[in-house]
Amino acid sequence: MPELPEVETMRRGAAAVVGGRITAVARVPCPAKPITVRPRIDVFRRRVLGKAVVAVERLGKRVVLRLDSSDAIVIEPRMTGLVLLAHPPDREHLRFCVRFRGVTPRALWYWDRRGLGSVRLFTAGQLDAALGAAVLGPDALNVTLGQLRERMRAVRRAVKVALLDQRILAGVGNLYACEILHVARIHPAQRCHRLTADDWRRLHAALRSVLEEAIRYEGSTLSDGTYRNVLNAPGAYQNHHRVYGRAGEICPTCGGAAICRIVQAQRSTFFCVACQSKRGRRKTNAGR
DNA sequence: CCCCAGTCCTGCGGGC
DNA sequence: TGCCCGCAGGACTGGG
C-alpha cells in the first residue's frame, strides 16, 4: 500500500532516469485485466518518443516523470503498484515499460499485482487541473503547522478520516495515519474542530517525524510482501510500527494497555486507548 | 457538510 | 484436506 514514504522511496530511486531520452514505451502483455493507460498507447507513444526526462517528482502518492516537452507521465500505484528499475517480483504482473538511452538503467517498469493503479500522460495544464493545489492538498512533508491547522479545522470529521483526505493533505494513507496519531497521542475519532492548540502542534510534529523516519527505512513492507523499492528490496519500517496491525499487543509507548482495532470510513484504525484518550489531554472533563 | 455503500482488483488466510 | 468467503484499502462515484 504505497503511501508517502513508499512513493518517496520510489521517486528517489526512479530519479536515476533523469536525463534519459525515451526510446520506447509499451504495455507489457499480462494475463490479468490490463491497467489503465491514458491516452491510448499509440497516442501516448507518439507524444513521448524522443523526449527527455527532466525531473522525477512526487505528487502525493503519485510518481511524476517530467518531460522536456512539458508533458508529464504520472504513475499512480494505488494498492499494489511498484516502480522498478530492475528485478520485478514476478513477470506476470509487469504492466508497463519505458525505455531510455543516455542513462543507466535503460528501462523503468510499472508492476502491479492487483492492477488498481494507472499510468497517465498529462499536459502541464491537465496535470494542474487533475492534481494542482485546487485538488490536492499541501504535501504532508512540507505542510506548515498553520496550513495543517487551518485546513483540517475547517472540517468536523474525525481526525483520522480527515488525514486520509488527499484534498486536505496529500500523502498520508491508512497505515501512517494510525502511526502519526499514536505518536501525537490523539484519539483517531476525535473531531478536528475540537483539537487544541497543543494537539495541532503535536500532530504537526508527529506528521514530520513519522514520515521522515519511514522514509529512512524505505517504507513498510507488510506481511503480503508486496511493497518493494526500485531494486525489489523490501522496506524495513514495518519493524518499527507502533500500532498498525498490532491489535491485542501491548502498546510499546505506555506498556500498559493493549492496542485496539476499530473501523472508521470502512478502514481499520489501530490505536492505544491509554496513550490516545479523548479525555486525557484536556484540563477539565466537565461537560463530557 | 458529512457519511455510507459500492466499484475496481488479486492473493491470502480464517473457518468450516 | 480443500474450498469458499471475506478482507486488505486508495481513489472515486452516487445516494441519503
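The shown structure was predicted, so the numbers you read here are calculated from the model rather than taken from an experiment. Residue numbers start from 1 in every chain, and the chains themselves are labelled A, B, ... in the order their sequence lines are given, proteins ahead of strands.
Put simply, the side chain of R99(A) never gets that close to the backbone of I22(A): no donor and acceptor are under 3.5 Å apart. When atom types are taken as modelled, the side chain of Q264(A) and the backbone of P188(A) share a donor-acceptor pair closer than 3.5 angstrom. The closest donor-acceptor contact from the side chain of E218(A) to the backbone of G235(A) lies at 3.5 Å or more, if one exists at all. In this structure, E76(A) contributes its side chain and G81(A) its backbone to no donor-acceptor pair below 3.5 Å.
Y244(A) comes within contact range of the sugar-phosphate backbone alone, with a heavy-atom separation under 4.0 Å but no base atom that close. If you check every strand for non-hydrogen atoms under 4.0 Å, R120(A) touches nothing. Among the atoms of the strands shown, none is found under 4.0 Å from any heavy atom of S223(A). Among the protein residues, R62(A) comes within range of the sugar-phosphate backbone only, with heavy atoms under 4.0 Å from sugar or phosphate atoms but none that close to a base. If you check every strand for non-hydrogen atoms under 4.0 Å, V155(A) touches sugar and phosphate atoms only. Using a 4.0 Å heavy-atom criterion, one finds that R78(A) contacts the bases of the nucleic acid, with or without backbone contacts as well.
We find that CZ of R38(A) is positioned 13 Å from C1' of dC8(B), with the value rounded to whole Å. The CZ-P distance, from R153(A) to dC1(B), rounds to 16 Å in whole Å. Rounded to whole Å, the distance from CZ on R261(A) to C1' on dA8(C) is 10 Å. Atom CD in Q264(A) sits roughly 17 Å away from atom C1' in dA5(B) (whole-Å rounding). Protein atom CG of L164(A) is 13 Å distant from nucleotide atom P of dC4(B), rounded to whole Å. Computed from coordinates, the L175(A) CG to dA8(C) C1' distance equals 12 Å when rounded to whole Å. To the nearest angstrom, P of dA8(C) lies 16 Å from NE2 of H241(A). When the P atom of dA11(C) is taken as reference, atom CD1 of I75(A) falls 16 Å away, rounded to whole Å.
Looking at R114(A), its side chain comes within 3.5 Å of the base of dA8(C) through a donor and an acceptor atom. Taking 3.5 Å as the limit, the base of dA5(B) and the side chain of Q266(A) contain a donor-acceptor pair of atoms between them.
Contact annotation: R157(A) does not reach the phosphate of dC4(B) (side-chain N/O to OP1 or OP2, under 4.0 Å). A sub-4.0 Å separation between OP1 or OP2 of dG10(C) and a side-chain N or O of Q166(A) is absent.
Sequence order on DNA chain C of the closest nucleotides to L116(A) and L131(A) puts L116(A) first from the 5' end. Taking for each of P34(A) and D224(A) the nucleotide of DNA chain B with the nearest heavy atom, the 5'-most of the two is the partner of P34(A).
Sparse packing is recorded around CZ of R106(A), with 12 or fewer heavy atoms of other residues, nucleotides or ligands lying under 6.0 Å away.
Ring centers of F44(A) and F96(A): under 6.0 Å apart, within the cut-off.
For R191(A), whose side chain is taken as the heavy atoms from C-beta onward, the closest listed nucleotide among dG10(C), dC2(B), dT10(B) is dC2(B).
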